[in-house]
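Just below is one structure, and these are the notes that go with it.
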Amino acid sequence: MAGDPPSHPADDDRRDGAAVRAAASPDRIAVLDAGASTLRAAVFDGEDELTRRTERQGLPHPGAAAARTVILERVGALLARLGNGPYTAVVLAATGIRRIGDSEQELQEDLAAQLGTEVVLANDVVAGYLGALGPAPGLLLHAGTGSLVLALPGRGEPVVLDGWGHLAGDRGSGFMLGRAGLRAAFDALDGLAGPTRLTELLLGRDPEQVITDLHSSPVLVREVAGFAPHVLRAAAEDDATAQRLVEESVDALMRTGLAALDRADMTDRDSRREDEPLHVAGVGGLFADAHYRRVLTDRVRRDLPRAALHLGGGDALRGGLLLRTSAEEPLTRALGRAFGGDAA
């Protein structure tokens, strides 16, 4: 997922797939959750999880040059390490898939041919939504390296906002927060603003080297998003500048979420009963931080007083499993259509 949910307790290599071999099962499904910074995978037999693994490098966008070759190689290698095959189906939920276009369709067909099984290709936010809320109405706020919101009404079509990447969008993302922290640190260094701990935390003793390294980095977006935890740390330690930046980041994400609810006709002005809560889930790396969760909770309570919050929970890998096993559910199919595809 553009950015990833908090780690599962089994997110390590202690249960390497090679260590567990079993006979083929008609319910055996491999799920891959490819965020901007990590690649997570698990194998399920029915509802039972057999193994999972995390690798600290995401997959390229399917439309990028030579991306298909890289994805085929890395997916094949990861599934070989997971073992527990053969699989009835493989689900790949990846950041950056806004629609199932020609590049995505060709990737899906190539993966199916290479793996010899059915392949389901979807945006990682769909898996994140199902992992957090299941096939039910609600609002997903995704804030990791990038950001995106998804409003799913009980009737009608889902609304997806943002997910445009760091140049045009990613409002309230880790990249946005990291970049804001970097600018604030240099503003203080140049005497354009008051002192802040961000100068020390982000720039250290050699600001020139920090900015030189960033400009030459092949993973610039990930590197800048990597400053976000330092901004959150400073905010938790009462740095006024960092606190303002976190509030602005939450505000940007919430404004996008409220716009999605409005377009999906899911605001407090809609036809929901007074006792029916609006389920709001927050997933992605920023939700792993306690200070961020507190700030966003306060904002949700103010703007959506009837919301039932689910922050930092859920599991996109189990959501990917649901993408396949609940494919005939109307709301699962609607989620698939949100990105130009269909869960079936």
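When the shell of 6.0 Å around CD of E200 is examined, it contains 12 or fewer heavy atoms from other residues, nucleotides or ligands. The 12-atom threshold is exceeded at CZ of R293, counting heavy atoms of other residues, nucleotides or ligands nearer than 6.0 Å.
No hydrogens or angles considered: a donor-acceptor pair under 3.5 Å links the side chains of T332 and S326. Side-chain contact check for T196 and D239: at least one donor-acceptor pair (N or O, by modelled atom type) lies under 3.5 Å. Judged by distance alone, the side chains of Q209 and D213 do bring a donor and an acceptor atom under 3.5 Å apart.
T199 places no side-chain N or O within donor-acceptor distance of the main-chain N or O of P195, the cut-off being under 3.5 Å. T325 places a side-chain N or O within donor-acceptor distance of the main-chain N or O of L321, the cut-off being under 3.5 Å. Under the 3.5 Å distance criterion, the side-chain polar atoms of Y129 are matched with a main-chain donor or acceptor of A136. Put simply, the side chain of D162 gets close to the backbone of W164: a donor and an acceptor are under 3.5 Å apart.
Note: L130 CG to D315 CG = 11.5 Å, rounded to the nearest 0.5 Å. Remark: N123 CG to L323 CG distance equals 10.5 Å, nearest 0.5 Å. Between F175 atom CZ and T145 atom OG1 the span is 10.5 Å, to the nearest 0.5 Å. With values rounded to the nearest 0.5 angstrom, E237 atom CD is found 7.0 Å from L201 atom CG. Summarising the geometry, atom CG belonging to L261 is positioned 11.0 Å from atom CG belonging to L152; distances are rounded to the nearest 0.5 Å. With rounding to the nearest 0.5 Å, the separation of CG in L258 from CE in M266 is 11.5 Å.
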Next on the checklist: With salt bridge (Lys or Arg N to Asp or Glu O under 4.0 Å) as the criterion, how do R302 and D298 come out once you've worked through the C-alpha distance, each side chain's angles and the decisive distance to 0.1 Å?
Outcome noted: CA-CA 6 Å; R302 188 191 82 185; D298 289 344; over 6 Å; no

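Nearest heavy-atom pair across H230 and L202 is CB-CD1, 3.5 Å. For the residue pair R324 and A89, the shortest heavy atom distance occurs at NE-CB, 3.6 Å. Listed here is the closest heavy atom pair of A132 and A281: CB-CB, 3.7 Å. Nearest approach of P153 to P137, heavy atoms of both residues: C-CB, 4.1 Å. Smallest separation of non-hydrogen atoms from L115 and V75: CD1-CG1, 4.4 Å.
Residues passing the side-chain contact (heavy atoms from CB on, under 4.5 Å) test with P330, sequence neighbours excluded: none. Taking the side chain to side chain donor-acceptor pair (under 3.5 Å) definition, one finds that R318 meets it with nothing, sequence neighbours left out.
One finds a salt bridge joining E55 and R74 here, because a Lys/Arg side-chain nitrogen approaches an Asp/Glu carboxylate oxygen to under 4.0 Å. Taking 4.0 Å as the cut-off between side-chain N and carboxylate O, R255 and D251 count as a salt-bridged pair. By the 4.0 Å N-to-carboxylate-O rule, D303 lies close enough to R299 to be salt-bridged with it. Look at R333 and E329 and you find no salt bridge, because none of the NZ, NE, NH1 or NH2 atoms lies under 4.0 Å from a carboxylate O.
Linking ILVMFWY residues whenever their side-chain heavy atoms come closer than 4.5 Å, directly or via other members, leaves V219 and L182 in distinct clusters.
Each of V246, L253, V280, L286 was checked for a side-chain contact (heavy atoms from CB on, under 4.5 Å) with L296, and the lone residue meeting it is L253.
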